[in-house]
Amino acid sequence: MAFNQTQVVLGGIAHVPIVVALFWFIKARFKSVSSESEQPSKPSNQAPTKPETKVASQPAVTTPAKTATPATSAADAAKAARKAAHAAVPVNLYKPKTPFEGSVLDNYSLLKEGATGRVQHITFNLAGSDPKFNYVEGQSIGIIPAGEDAKGKPHKIRLYSIASSRHGDNMADNTVSLCVRQLQYEKDGETINGVCSTYLCDIAPGSKVKITGPVGKEMLLPEEEDCNVIMLATGTGIAPMRTYLRRMFEPAERTKNGWNFRGKAWLFMGAPYTANLLYDEDFNRYKSEFPENFQYTKAISREQKNAKGGRMYIQDKVMEHADEIFKLIENPKTHVYICGLKGMEPGIDEAMTTAAAAKGINWSELRPQLKKADRWHVETY
Ligand code: FAD
Ligand code: A2P
């Protein structure tokens, strides 16, 4: 069939609306697809949806692909805030060549009848220090024992974790306390006493003591009131934990600091006998006053037995509570602090490896991530 010129022109014009409609349809469709893919991420105060489920199986510690974006940026912000706060923490106000000479205010035993060894709580007066001897929870000080070593030289400094909060036990901002175990061991049938620990355990109130520091930023507390803090301590490793717990739960501390801890604090404490538990009454009081916020788990090595019938160590308690611990660690606001015997580190690592594996998590990969995120804090000696 043949068309004349007019029919061709009219036919062409008749198709124009169809072409225009087709053009608008394609444009509208393209716009809707692209707006779906450009949707802004949810604001941080809204629960994230899909990525959050991945965080549950792999703790959000750095910025891995699996991590929920809002959680990561919150964690990054918290880390940046911590870094800024750490910059203001005092260090080396008093150096070994120019120590501060403090005086002993108090020195008493922390042990009960039936305990083994000797552990003392010792408080020094820092009044009159210029510059002012400030410190914060989680730091250590150095002590230079009086006298000389076998070569006639002054004794070297020994470090001790501070056991009082920045305000001191009397809240007057001018004392510092330590928790010191006397080192004693047998050699060739003779009892050897550690130089500095014996000097401190024996020291009488009023005596002058050379003090250096403060030092250390490894064991500082997070700033957030809703952080979670898991503490693993053996023996005198309780010292920094006591400073955290005072800051968290002592009414005078809460009032003075205006820092109202509302996260979860969980202390695992290892001691040979019940009579060796340090600051136990205070911790029991915190537990009864803040049952929602404080959990206190004791591993009494020579009174309790682990699953294999051996001595009960804190790593055995970690295994017992592995599920709850990992649930907490999945939260980017959770920090772990380890302090005390160096020997407990392999045991804790082993317990964490087993506990993590049961949840499909590779502990040797996760631990460095926690460390990098400034959430895994270790001070052992
Ligand atoms: P020393 O006279 O120096 O004797 C120690 C030496 O004795 C050892 O180096 C070793 O050569 C030898 N020795 C030890 N045990 C044996 C053994 N069984 N057999 C044979 N030889 C042995 N201690 C606390 O009590 N409380 C604390 O809060 C505390 N916090 C610390 C924090 C940090 C960061 C560090 C690094 C250490 C901390 N210490 C703490 C340990 C403290 O610094 C001293 O190391 C401890 O008090 C022993 O010192 P000393 O002078 O009594 O012993
Ligand atoms: P034990 O001495 O019964 O073997 P203290 O400093 O007061 O002696 O307390 C230290 C606590 O830590 C003790 O209960 C001690 O048990 C325990 N301990 C000793 N070695 C380890 C270890 N490798 N891992 C964990 N805990 C340990």
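Just follow the structure's listing: the first ligand is 1, and inside any ligand the first atom is 1. The figures here come from the full heavy-atom set of this structure, side chains too, leaving out hydrogens, waters and symmetry mates.
A distance-only check finds no donor-acceptor pair linking the side chain of Asp130 to the backbone of Lys132 [under 3.5 Å].
Interface of Arg302 with ligand 2, defined as ligand atoms under 4.0 Å from a residue heavy atom, comprises 1 (P), 2 (O), 3 (O). Atom numbering of ligand 1 starts at 1 in the shown order; those under 4.0 Å from a heavy atom of Cys196 are 50 (P), 51 (O), 52 (O). Of all the atoms in ligand 2, the ones that sit under 4.0 Å from a non-hydrogen atom of Thr234 are 12 (O), 26 (N). Here is the list of ligand 2 atoms found below 4.0 Å of a heavy atom in Ala271: 13 (C), 14 (O).
Looking at Cys179 next to ligand 1, an N or O pair under 3.5 Å apart turns up. Inclusion of Ser197 in the set of residues having an N or O under 3.5 Å from an N or O of ligand 1 is warranted. By the 3.5 Å distance cut-off applied to N or O atoms, Leu183 is not counted among the residues near ligand 1. At a 3.5 angstrom cut-off on N or O pairs, Val180 does not count as close to ligand 1. Looking at Glu379 next to ligand 1, no N or O pair under 3.5 Å apart turns up. At a 3.5 angstrom cut-off on N or O pairs, Tyr160 counts as close to ligand 1.
Protein heavy atoms are found less than 4.0 angstrom from atom 27 (C) of ligand 1. In this structure, atom 8 (C) of ligand 1 has no protein heavy-atom contact shorter than 4.0 Å. Distance check on atom 52 (O) of ligand 1: some protein heavy atom falls below the 4.0 Å cut-off.
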Notebook entry, point to check: Do Lys298 and Asp280 pass the salt bridge (Lys or Arg N to Asp or Glu O under 4.0 Å) test, and can you show the C-alpha distance, the side-chain angles, and the key distance before you say yes or no?
Noted result: CA-CA 10 Å; Lys298 307 168 201 186; Asp280 188 48; 3.1 Å; yes
Next item on the list: Take His121 and Tyr279 through the ring-ring contact (aromatic ring centres under 6.0 Å, His included) test and state the conclusion after the steps.
Entry: CA-CA 10 Å; His121 185 80; Tyr279 311 107; 5.5 Å; yes
Next item on the list: Test salt bridge (Lys or Arg N to Asp or Glu O under 4.0 Å) on Lys317 and Glu320 and set out the steps.
Entry: CA-CA 5 Å; Lys317 291 290 179 186; Glu320 267 177 38; 3.7 Å; yes
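Atom 2 (O) of ligand 1 has its closest protein heavy atom at Val195 N, 2.8 Å. The shortest contact between atom 30 (N) of ligand 1 and any protein heavy atom is with Ser161 N, 3.1 Å. Here the heavy atom of the protein found nearest to atom 24 (N) of ligand 2 is Gln315 NE2, 3.1 Å. Nearest protein neighbour of atom 17 (C) of ligand 2, counting heavy atoms only, is Tyr313 CE2, 3.7 Å. Here the heavy atom of the protein found nearest to atom 25 (O) of ligand 1 is Arg181 N, 2.9 Å. Atom 23 (N) of ligand 2 has Gly343 O, 3.0 Å as its closest protein atom, hydrogens excluded (heavy atom only). Of the protein's non-hydrogen atoms, the one nearest atom 9 (O) of ligand 2 is Pro272 CD, 3.5 Å. Nearest protein neighbour of atom 38 (C) of ligand 1, counting heavy atoms only, is Leu159 O, 3.1 Å. Among protein heavy atoms, atom 45 (O) of ligand 1 sits closest to Arg158 CG, 4.4 Å. The single protein non-hydrogen atom nearest to atom 19 (C) of ligand 2 is Leu341 CD1, 3.4 Å, given as residue, atom name and distance.
A donor-acceptor contact under 3.5 angstrom links the side chains of Asp169 and Ser177, judged on distance only. Using modelled atom types, one finds a donor on one side chain and an acceptor on the other under 3.5 Å when comparing Glu250 with Tyr286. For the residue pair Asp173/His167, the side-chain donor-acceptor check at 3.5 Å is satisfied. Using a 3.5 Å distance cut-off with no hydrogens or angles, the side chains of Gln184 and Thr191 do not pair a donor with an acceptor. No hydrogens or angles considered: a donor-acceptor pair under 3.5 Å links the side chains of Ser165 and Glu253. The closest side-chain donor-acceptor pair between Asn193 and Thr198, if any, does not fall under 3.5 angstrom.
Residues Trp376 and His335 keep their aromatic ring centres 6.0 Å or farther apart.
Selection from Tyr381, Tyr199, Tyr185 by nearest heavy atom to atom 15 (N) of ligand 1 gives Tyr185. Of the candidates Gln304, Arg181, Met269, it is Arg181 that places a heavy atom closest to atom 6 (O) of ligand 2.
Atom NZ of Lys95 sits in a sparse spot, with 12 or fewer heavy atoms from other residues, nucleotides or ligands closer than 6.0 Å.
Heavy atoms of Gly270 approach ligand 2 to within less than 4.0 angstrom. No heavy atom of Lys187 sits closer than 4.0 Å to any atom of ligand 1. In this structure, Ile314 does not count as a contact residue of ligand 2, since none of its heavy atoms falls inside 4.0 Å of the ligand.
Annotation: cation-pi geometry satisfied between Arg247 and Trp259 (NZ/CZ under 6.0 angstrom from ring centroid, within 45° of ring axis).
The two residues Phe283 and Leu278 have their closest heavy-atom pair at CE1-O, 3.4 Å. The shortest heavy-atom contact between Tyr135 and Ser164 is OH-OG, 2.9 Å.
Relative orientation of the Tyr337 and His377 rings is parallel, given thresholds of 30° and 60° on the angle between their planes.
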